[in-house]
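Working notes for the structure below.
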2 protein chains.
Amino acid sequence: MKHPAGSVWQRPERAARGPAPEYSRARIAAAAVAVADAEGLAAVSMRRVAAEIGAAPASLYRYVTSRDDLIDLMADATSAEFDLSRPATGEWLDDLIRLGHQIRGIHERHRWLADLTPDKVIPGPRTLDVLEYSLSLLADLDAPAQAKMEAIVMLGAVITIFVRNQPAGTDSTQADAQRRAAGAGYLATVLAKGEHRHLAVAVTAMAAAGAASAGQDEAQKRSAAEDRLLRRVLSGLLGQ
Amino acid sequence: MKHPAGSVWQRPERAARGPAPEYSRARIAAAAVAVADAEGLAAVSMRRVAAEIGAAPASLYRYVTSRDDLIDLMADATSAEFDLSRPATGEWLDDLIRLGHQIRGIHERHRWLADLTPDKVIPGPRTLDVLEYSLSLLADLDAPAQAKMEAIVMLGAVITIFVRNQPAGTDSTQADAQRRAAGAGYLATVLAKGEHRHLAVAVTAMAAAGAASAGQDEAQKRSAAEDRLLRRVLSGLLGQ
DNA sequence: ACTCTTTGCGAACACTGTATCCAGTACCGT
DNA sequence: ACGGTACTGGATACAGTGTTCGCAAAGAGT
């Protein structure tokens, strides 16, 4: 066999025989996360991460069978930032919203998470713990297990949308910002032609709302609006 | 200036002077879409698309300034497949669901659409037409324009999730399927350890539902379940 | 007919992920 | 104690990738 089968998580981190590894998955993942936080997911190349920890590029493949594996490691590393200690309060919607706030915080710390395709990442142990915790918040709710799962997936998806539509603190990559601006420019020229009546009013409405939330405590208003939207979606999915 | 500024859509397709272009954006986009349909988005490289239309790799850059531009072209090309002729019926929820069915159909024909990051693609003219049409379906509904926009974005996002969680007809790439299987394997070993009670019941429930929809007319049931979920989400967002 | 702009393209650059091979090392079973 | 074994880190190489540059040819406008 060429590669030891299965995901990163099934392979033992340390081999039975042979010299002690010089690095570790955790250290590699941390380095990769740091690079992604600072320069975006595209900057996370095997060579870059290897250089960051002082290793040769090919050495990483002793810890990881592919770049996808590395990204699995990164994703699970962020899942470790959840606080899963707070038990269910009995108000499942509030609990879910609170969980949403955690997700949002983590997404803001690691904006590259929004670039991941959720179902291409193999969930690691910490991610599965988060999933278990999320479901535990809904344990007392009388709903089919499938609906609960859907609601949790939805929670993540909606928050991803929130984060994406939020102007990045330090604007992602310069090229990305340029593309965004180009898109806005084209939209303006199309709207100026006068067709697209409904789109025009929607765009101006959204622009007004965006300008309103430019202030600092206006960010709270935006957050409140997001909470309201989340409540609607979740209670639409799970509510009676 | 190095590059003519702005998105693909603002630049004129044909230059005023000089020889007539040998190819066209439409033809390039069509070739790229064909490649993506058959072999996935990763197979869409400049060299590949160029070869497909019988051009040299560097020639594509006369029509497109980057691969991102090419993908903009591809995305907008799929938007042309919408039927925007059917006017609003007065039942906005039904109209939205019908629109959802169109989205779903297009996503099934072009599974790579699920790999796109929606807000990194600059919407082209056809996509803006679809947006205008979508909003027109909600014209008579008394709701803030922003909420309507959110609902439409949500509609697309939910359907993307549907499509992703659907076993691909001809399974995407072989490597992708292998990773999926690896993930399932790891999940099984974790669940076997006995912790993750809630996750265990959820997973078995989803597996049972998945097995049930293996049959042919059982696919209709799944579709019905999706419609129900969509209705809940949308009426949760826009309903009174 | 002449000029200019634009086209198509060969070649090259700076990357990327990854496989292969090799020397050295530390454990295991004897 | 000591092979043999299984591992480690790494140098090198390969097949791709997106993209740029410079240049010959060719069509449109004057």
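Computed from a predicted structure; not experimentally measured. Chain letters run A, B, ... following the sequence lines, proteins first, then strands; residues in each count from 1.
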Practice prompt. Using the closest heavy atom to pick a nucleotide of DNA chain D for each, name whichever of Met46(B) or Ala16(B) lands nearer the 5' end.
Written response: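 The residue whose closest nucleotide sits nearer the 5' end is Met46(B).
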
If you only use heavy atoms from C-beta on, which nucleotide in [options] is closest to the side chain of [X]?
X	options	value
Ala58(A)	dG10(D), dG17(C), dA12(C)	dG10(D)
Pro19(B)	dG10(C), dT17(D), dT5(C)	dT5(C)
Arg17(A)	dT17(D), dC28(C), dC9(C)	dC28(C)
Tyr61(A)	dT18(C), dG10(C), dT16(C)	dT18(C)
Ala15(B)	dA12(C), dT8(D), dT6(C)	dT6(C)
Arg47(B)	dA11(D), dT17(D), dG17(C)	dT17(D)

Worksheet item: Between Pro57(A) and Arg62(A), which has a closest nucleotide on DNA chain C that is more 5'?
Response: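 The residue whose closest nucleotide sits nearer the 5' end is Pro57(A).
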
Worksheet item: Of Arg14(A) and Val44(A), whose closest DNA chain C nucleotide lies nearer the 5' terminus?
Response: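 The residue closer to the strand's 5' end, by nearest nucleotide, is Val44(A).
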
Can you tell me how far [atom2] of [N] sits from [atom1] of [X], to the nearest Å?
X	N	atom1	atom2	value
Glu22(B)	dA25(D)	CD	P	16 Å
Arg27(A)	dT8(D)	CZ	C1'	15 Å
Leu70(A)	dG17(C)	CG	P	9 Å
Leu60(B)	dT7(C)	CG	P	13 Å
Tyr63(A)	dT8(D)	OH	P	7 Å
Arg48(A)	dG17(C)	CZ	P	12 Å
Arg25(B)	dT7(C)	CZ	P	11 Å
Glu13(B)	dT7(C)	CD	P	10 Å

Between the side chains of [Y] and [X], is the shortest nitrogen-to-carboxylate-oxygen separation below 4.0 Å, so that they form an ion pair?
X	Y	answer
Asp119(B)	Arg179(A)	no
Lys120(B)	Asp68(B)	no
Arg25(B)	Asp76(B)	no

Worksheet item: Counting N and O atoms only, with roles assigned by atom type, does the side chain of Arg11(A) sit under 3.5 Å from a partner on the main chain of Gly6(A), one being a donor and the other an acceptor?
Response: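 Side chain of Arg11(A) to backbone of Gly6(A): a pair is present.
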
Worksheet item: Do side-chain atoms of Arg67(A) reach the backbone of Val44(A) as a donor and acceptor pair under 3.5 angstrom?
Response: yes

Discussion item. Just to be sure I understand the rule, does Ser59(A) reach a base, reach only the sugar-phosphate, or reach nothing, if contact means heavy atoms closer than 4.0 Å?
Written reply: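 If one applies the 4.0 Å heavy-atom cut-off, Ser59(A) turns out to touch a base.
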
